[in-house]
Protein chains: 2
Amino acid sequence: MRRHYATIKDIAHALNISVSTVSRALRDTYDVSADTRKLVLDMAAKLNYKPNFNATGLVKNSTHNLAVILPGITNYYFSTVFTGIQEIAYSHNYNIILYVTNDDAGRELNIIRNLSFSSLDGLLVSVSSQAGSCDHFQEIIDDGIPVVFFDRVAADIRTSKVMQDDYNGAFEATTHLIANGYKKIAHIAGPEGLTFTDSRLNGYLDALRRNGMPIRKKWIIHSGFTQECGENDMEKLWKLNDKPDAVFAVNDRKAVGAIVTLKKKNIAVGKDVGVIGFTNDPMSAIISPSLSTIAEPAFEIGKKSCQLLLNHIKKKNFIPEEIILPGKLIVRESSIRS
Amino acid sequence: MRRHYATIKDIAHALNISVSTVSRALRDTYDVSADTRKLVLDMAAKLNYKPNFNATGLVKNSTHNLAVILPGITNYYFSTVFTGIQEIAYSHNYNIILYVTNDDAGRELNIIRNLSFSSLDGLLVSVSSQAGSCDHFQEIIDDGIPVVFFDRVAADIRTSKVMQDDYNGAFEATTHLIANGYKKIAHIAGPEGLTFTDSRLNGYLDALRRNGMPIRKKWIIHSGFTQECGENDMEKLWKLNDKPDAVFAVNDRKAVGAIVTLKKKNIAVGKDVGVIGFTNDPMSAIISPSLSTIAEPAFEIGKKSCQLLLNHIKKKNFIPEEIILPGKLIVRESSIRS
DNA sequence: AAATCCACCGGTAACGTTCTCGGTGAATTT
DNA sequence: AAATTCACCGAGAACGTTACCGGTGGATTT
């Protein structure tokens, strides 16, 4: 029993003027007198007129919709990035269609394939970690759809990207551990093949090299991003004969997992074994001992990527930009030998 | 430089048949032979045809879009509910347009006013806590747009609602504190005027009455939902001459705030002062002492509300349902006197 | 006074799709 | 053999909006 919404025709009919004039009046473009314009606007308000985006989208070949594709939304980082995106989109009157892939490459592909670009102006995406090929993104870009990657970017695709400074953050985190007297530093990393996993790994390795610290293959463990993964990784490390005395985790959730495992073993986190994470998830301040970390500018990343996308949309042939935002070391209890 | 996507006309032209036939073939409806159907589908695949939702939406007056309006997405509860919603929407090929209000009633109103119902099949909403009037929702429902409320519902509006069992959860939480020997139980509540704030308050009050425990006005504090609010509320409670020996918080974030404040004052949480929360935010397991809580079925709430909305959309004149899902007491360290 | 200009408005086609209806020819019934 | 049915297909209108172009009448120029 859906009520018929007032259309532009209804306004025209009520005012006994033409449809074209109403259209022009509503958009406040050329060729319409102030008087009729006022008449139209008043009548529009009176009839509770709402523009039909399907119709405008059809003729203008542009809706005000952006799609965002994320691995998941139930964690601090992505939900904060999304909030940033939303903030910019809202202020520019764009709507956001959100898809979550659950970090499943198959689902990601399926979502992409079913995307209707006729009702989409652009695409913001952070790729799934089980990334297979990225050809589907390339196709979209070749079709002329503006795409911006953030955080988890597809390396070999030429379009705008925005991310945090993963390399330097990891470098700083590792250096901080070294400065605090830890000598055998492990790294529990993310899944292989993801750009930022590599960057953080390299930052870690270079910090070790720069300071003449030992690098052990066994001290580097790749797995997923969850707390549980962190717990498992820590268990593995502790089974080693040559145990590390500190660990740099690729993110805070894994670092929290590491701390949980260490506490279970009655090992004094900070004193016996140092831990540092990456993200500045609120959890890092709550856990005790509290977790040192590299704060990521998640909100800014969201805002920046959305702004970039809007630029892409406005100017065709926009030159892709890569933006890298710096992180910030936050020292708490877990990395201090006192 | 956006490439022209293949349309139904292109397929028709390439096959030298009529547009109508192609349309029917693609939708697999009546009056089309198996042969031509195959021809059409093959050609569609070959031309990389994608349906234009603006066009279908225009003629069918129905898109496959759902709008979700949330106070915020950066917390466990809402992000999990959203994931549930997304799960159902995805399996039914619906897209979700997500709006976050930042718990700002003005922004909520503005979003609602600008909603284009011509490109929306339905609406899922959890209202902002600074709720003023809810007339704007009533208008939408009167216009025949299917709306489902969840969690933070608008009490006096007749449409489907799904929520957790706030009253019984609060009752159980409070009873649990009593059973563990706490005698002076405070409640740090949510903002007044919100349905579930009231329900949890009432559950708390009834549990006290049932057990003949004292009720003090000063032990009940209303404020926002953040951890900071929880910290402030706890500070206030501790300034009282007649201090409580336990506190039931309206959610886990506030409970965490309370624990943080108590720890700062070197008060033994659990032993000296009991604390229990509501939600089962992952944080509750991380903080130490770990936080007892009532686990909310957030994911199920999301799924259920989306299912309900889809039912609304399918059958016009669907009779509104109110669904209440039970919570579950989870006992951890913060509420045990041992 | 004729020619030109300008502000304003209307008619029509188009966007991509679906729906309704009418029209084929072949197969089946009488 | 005529009448009826049936499976299949096409033509045209419609959805709500914008873009394009042409046409008014009045004011300004020459």
Side-chain angles (χ1 to χ4, degrees), chain A residues 2-41 43-44 47-65 115-121 143, chain B residues 2-41 43-44 47-65 93 115-121 143-144:
Chain A
R2 195 140 160 183
R3 203 163 72 183
H4 169 76
Y5 272 102
T7 74
I8 218 173
K9 288 183 189 172
D10 297 328
I11 300 179
H13 191 254
L15 256 37
N16 204 24
I17 58 177
S18 83
V19 180
S20 339
T21 308
V22 177
S23 173
R24 268 168 296 170
L26 287 173
R27 277 171 301 143
D28 193 15
T29 50
Y30 57 103
D31 272 6
V32 52
S33 74
D35 291 354
T36 46
R37 187 169 134 69
K38 179 161 168 36
L39 279 174
V40 169
L41 291 186
M43 184 56 77
L47 297 181
N48 191 25
Y49 166 78
K50 306 201 172 187
N52 186 315
F53 290 161
N54 286 320
T56 55
L58 191 55
V59 29
K60 306 230 290 190
N61 199 26
S62 123
T63 57
H64 260 208
N65 294 338
L115 238 37
S116 168
F117 295 108
S118 48
S119 50
L120 241 42
D121 288 359
D143 284 351
Chain B
R2 195 141 160 183
R3 204 164 71 183
H4 169 77
Y5 273 101
T7 74
I8 218 172
K9 287 183 188 172
D10 297 327
I11 301 179
H13 191 254
L15 258 36
N16 204 24
I17 58 177
S18 83
V19 179
S20 338
T21 308
V22 176
S23 173
R24 266 168 298 170
L26 287 173
R27 276 171 302 141
D28 193 15
T29 50
Y30 57 104
D31 275 5
V32 51
S33 74
D35 290 355
T36 45
R37 185 168 136 69
K38 179 162 168 39
L39 279 174
V40 169
L41 291 187
M43 184 56 76
L47 297 181
N48 191 24
Y49 167 77
K50 305 203 171 188
N52 186 315
F53 289 161
N54 287 320
T56 55
L58 191 55
V59 30
K60 306 230 290 189
N61 198 25
S62 123
T63 57
H64 260 207
N65 293 339
N93 265 306
L115 239 36
S116 167
F117 295 107
S118 47
S119 50
L120 241 42
D121 288 359
D143 284 352

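Letters go in sequence order (proteins before strands), and every chain restarts at 1. Not measured: the values here are computed from a predicted model.
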Does Asn52(A) reach a base, just sugar-phosphate, or nothing at all? Heavy atoms under 4.0 Å.
sugar-phosphate
Quick one: label Tyr49(B) by what it contacts on the DNA or RNA (base, sugar-phosphate, nothing), any heavy atom closer than 4.0 Å.
sugar-phosphate
Checking side-chain polar atoms at under 3.5 Å, does Asp10(A) have a donor or acceptor matched by the opposite partner on Tyr5(A)?
no
Test item: side-chain donor near acceptor, Ser23(A) and Ser20(A), under 3.5 Å
no
Presence of Thr21(A) side-chain N/O under 4.0 Å of dG10(C) phosphate oxygens OP1/OP2:
yes
Under 4.0 Å between a side-chain N/O of Ser20(A) and OP1 or OP2 of dT12(C), yes or no?
no
Atom-to-atom span, [atom1] of [X] to [atom2] of [N] - whole angstrom:
{"X": "Arg27(B)", "N": "dC8(D)", "atom1": "CZ", "atom2": "C1'", "value": "15 Å"}
{"X": "Lys9(A)", "N": "dT12(C)", "atom1": "NZ", "atom2": "C1'", "value": "13 Å"}
{"X": "Asn16(A)", "N": "dC9(C)", "atom1": "CG", "atom2": "P", "value": "13 Å"}
{"X": "His64(A)", "N": "dT18(D)", "atom1": "NE2", "atom2": "P", "value": "12 Å"}
{"X": "Leu26(A)", "N": "dG16(D)", "atom1": "CG", "atom2": "P", "value": "15 Å"}
{"X": "Phe53(B)", "N": "dT17(C)", "atom1": "CZ", "atom2": "C1'", "value": "12 Å"}
{"X": "Asp31(B)", "N": "dC19(C)", "atom1": "CG", "atom2": "P", "value": "13 Å"}
{"X": "Asn54(B)", "N": "dC15(D)", "atom1": "CG", "atom2": "P", "value": "17 Å"}

Helical bend (five base pairs per end, nearest 10°) for the helix from dA1(C)-dT30(D) to dT30(C)-dA1(D)
50°
How long is the straight-line distance from NE2 of His64(A) back to OG1 of Thr56(A), given to the nearest 0.5 Å?
8.5 Å
Rounded to the nearest 0.5 angstrom, the CG-OG1 distance for Leu47(B) and Thr7(B) is 9.0 Å
Out of [options], which has the shortest distance to the side chain of [X]?
{"X": "Val19(B)", "options": "dG10(D), dT17(D), dT17(C)", "result": "dT17(C)"}
{"X": "Ser18(B)", "options": "dG10(D), dG16(C), dT18(C)", "result": "dG10(D)"}
{"X": "Thr7(B)", "options": "dT18(D), dC8(D), dG16(C)", "result": "dG16(C)"}
{"X": "Ile17(A)", "options": "dG10(C), dT17(D), dT17(C)", "result": "dG10(C)"}
{"X": "Ile8(A)", "options": "dC9(C), dG16(D), dT17(D)", "result": "dT17(D)"}
{"X": "Arg24(A)", "options": "dG12(D), dT18(D), dC9(C)", "result": "dC9(C)"}

Working note: Thr36(A) + Ser33(A), criterion side-chain hydrogen bond (donor to acceptor under 3.5 Å, both in side chains); need CA distance, chi angles, decisive distance, verdict.
CA-CA 6 Å; Thr36(A) 46; Ser33(A) 74; 2.9 Å; yes
Would you call Val22(A) and Leu15(A) a side-chain contact if the rule is heavy atoms closer than 4.5 Å?
no
By nearest heavy atom, map Lys60(B) and Thr36(B) onto DNA chain D; which one lands nearer the 5' end?
Thr36(B)
Is it the case that the side chain of Arg24(A) and the backbone of Val32(A) share a donor-acceptor pair, with hydrogens and angles ignored and the cut-off at 3.5 Å?
no
Closer than 3.5 angstrom, by distance alone: can the side chain of Asn52(B) be matched with the main-chain N or O of Leu58(A) as a donor-acceptor pair?
no
